[in-house]
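Below is one structure, written out as structure tokens; comments come after it.
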Amino acid sequence: MSDKPDRNLAMELVRVTEAAALSAAHHMGMGDKEAGDQAAVDSMRAVLDTISMDGTVVIGEGEKDEAPMLYNGEKVGSGSPPAVDVAVDPVEGTRLLALGRPNATSVIAISERDSMWKPGSSLYMKKIVVDRNAKHAIDISLSTTTNLHRIAGALGRQVHELTVFVLDKPRHKELIAEIRQAGARISIQTDGDVVGALMAAIPGTGVDILMGTGGTPEGIIAAAAVKALNGGMQAMCDPQSDAEREKVMAELGDDFDKTLTLNDLIKCEDAFFAATGITDGPFLEGVHYDRQGGVTTHSIVIRALSGSMRYIKGVHQLRRGLDLRRLDVREAVEVATL
């Protein structure tokens, strides 16, 4: 194999997100964010190590001594080429899962080694995401109103026909007010801005734009998907505390307030993305159990080089006696890899 990916790794990564979703699903609505996340992490790690790649986690759950999760710097995969950067969120929307709300997903993205932007101490970033038809219209340095009018023009629509995905956070009070003043519609969601970015980048989902400040790790993962979809995305560091601001400014210097484009966030031309729904949502169905003892998963896989996008519905037939409500890591891996 070459040093660069020469196959569609997203088709293998979907087994990783399937296993994570299967393990996390039985924690739906149980009120325990940590338990659902840990179950997904354990299964994700187990299946990752079956994939032929030399992966390094760039976007994970923190440094090794701070998190028992998939940690920054962790080696995953079999160790054979290609060498890749890995970004993971075993459960995007842990609160959604714990409360049984829509849009909890398991997501993973990879790209060539040293091609993902390293966030350092940056925990939050301001983002704007659109589909390919409006990617040249966005400018995150301009006002929200100006961007809405430019995007509407690029799409051949009126501002009032646009729908904007915004996280329901106190920091977005002024953003929401400006969007409403401009006349656009808003889909306000408590969590899940990776899904929001996907919906904005794929025409016909009912969401035209993602705007606002969310997690930097989620931004890098979303960037891999948006690049694979040939969409448009810009971002800027947006610290939410004085301590974060001081650390990020010290690390980035003059680049602190730089507009980050897709080519800054993902520096190569090939990137892979996979996501599997855990709870039902308008974009992906969640994990469903049937009366015959099987389980169904719904996933999306995308590759940047080819522009291919696939929706995969996995119908997993389980061996007799397997308790779907309590899949351990070994069993979740068995189901996802059959």
So which atom in [X] and which in [Y] form the shortest heavy-atom distance, rounded to 0.1 Å?
| X | Y | value |
| --- | --- | --- |
| Asp193 | Gly215 | OD2-N, 4.0 Å |
| Thr276 | Ala21 | CG2-CB, 3.6 Å |
| Thr50 | Val47 | OG1-O, 2.6 Å |
| Met233 | Ala223 | SD-CA, 3.7 Å |
| Ile151 | Ile128 | CD1-CD1, 4.3 Å |
| Glu244 | Leu123 | OE2-N, 2.8 Å |

Taking [X] first and then [Y], would you say they form a salt bridge - that is, a charged N and a carboxylate O separated by under 4.0 Å?
| X | Y | result |
| --- | --- | --- |
| Glu285 | Lys313 | yes |
| Arg171 | Asp238 | no |
| Arg157 | Asp208 | yes |
| Asp270 | Arg303 | yes |
| Glu112 | Lys267 | no |

Within the structure provided, determine whether [X] and [Y] are in side-chain contact (heavy-atom separation under 4.5 Å).
| X | Y | value |
| --- | --- | --- |
| Val287 | His26 | no |
| Phe165 | Met211 | no |
| Ile278 | Asn103 | no |
| Phe283 | Leu198 | yes |
| Leu284 | Ser299 | no |
| Ile110 | Asp85 | no |
| Thr144 | Glu174 | no |
| Thr105 | Val194 | no |

[X] side, atom [atom1]; [Y] side, atom [atom2] - distance, nearest 0.5 Å:
| X | Y | atom1 | atom2 | value |
| --- | --- | --- | --- | --- |
| Ile220 | Ile266 | CD1 | CD1 | 6.5 Å |
| Leu99 | Asp191 | CG | CG | 9.0 Å |
| Met116 | Thr56 | CE | OG1 | 11.0 Å |
| Asn133 | Leu155 | CG | CG | 6.5 Å |
| Ile51 | Ser78 | CD1 | OG | 9.0 Å |
| Ile179 | Ile186 | CD1 | CD1 | 4.5 Å |

Between [X] (side chain) and [Y] (backbone), is there a donor-acceptor pair under 3.5 Å?
| X | Y | answer |
| --- | --- | --- |
| Asn72 | Gly60 | yes |
| Thr163 | Val207 | no |
| Arg150 | Ala137 | yes |
| Asp49 | Gly77 | yes |
| Arg132 | Leu229 | yes |
| Lys227 | Cys268 | yes |
| His172 | Thr213 | yes |
| Gln158 | Gly153 | no |
| Glu92 | Val107 | no |
| Thr279 | Gly100 | no |

Counting only heavy atoms not in Lys169, do more than 12 sit closer than 6.0 Å to its NZ atom?
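Count over threshold, so yes.
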
Counting only heavy atoms not in Arg113, do more than 12 fall under 6.0 Å of its CZ?
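Check passes, neighbour count above 12.
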
Would you kindly confirm whether [X] and [Y] end up in one hydrophobic cluster when ILVMFWY residues are joined by side chain heavy atoms under 4.5 Å apart?
| X | Y | result |
| --- | --- | --- |
| Leu262 | Met199 | yes |
| Met309 | Val129 | yes |
| Leu167 | Leu175 | no |
| Tyr124 | Ile221 | no |
| Val14 | Met44 | no |

Steps toward side-chain contact (heavy atoms from CB on, under 4.5 Å) verdict (His288, Val295)
CA-CA 6 Å; His288 290 173; Val295 59; over 6 Å; no

If we count only N and O atoms by modelled type, under 3.5 Å, do the side chains of [X] and [Y] hold a donor and an acceptor together?
| X | Y | result |
| --- | --- | --- |
| Thr296 | His316 | no |
| His298 | Asp280 | no |
| Thr17 | Ser106 | no |
| Thr261 | Asp264 | yes |
| Thr216 | Ser122 | yes |
| Thr145 | Ser143 | no |

Derivation of the salt bridge (Lys or Arg N to Asp or Glu O under 4.0 Å) call for Arg185 and Glu161
CA-CA 7 Å; Arg185 304 188 304 171; Glu161 297 175 318; over 6 Å; no

Criterion side-chain contact (heavy atoms from CB on, under 4.5 Å) on Phe273 and Val301, from CA distance to verdict
CA-CA 6 Å; Phe273 176 89; Val301 296; over 6 Å; no

Just do the side-chain contact (heavy atoms from CB on, under 4.5 Å) check on Ser308 and Asn8 with the steps written out, would you?
CA-CA 9 Å; Ser308 63; Asn8 191 343; 3.7 Å; yes

By the definition side-chain contact (heavy atoms from CB on, under 4.5 Å), identify the one residue from Glu251, Arg245, Lys247 that meets it with Met249.
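Between Met249 and the candidates, side-chain contact (heavy atoms from CB on, under 4.5 Å) is satisfied uniquely by Arg245.
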
For residues 29-36, dump all side-chain donor-acceptor pairs below 3.5 Å to protein atoms at least two apart in sequence or in another chain.
unit_1, atom_1, unit_2, atom_2, d
Asp32, OD1, Glu34, N, 3.2
Asp32, OD1, Ala35, N, 3.1

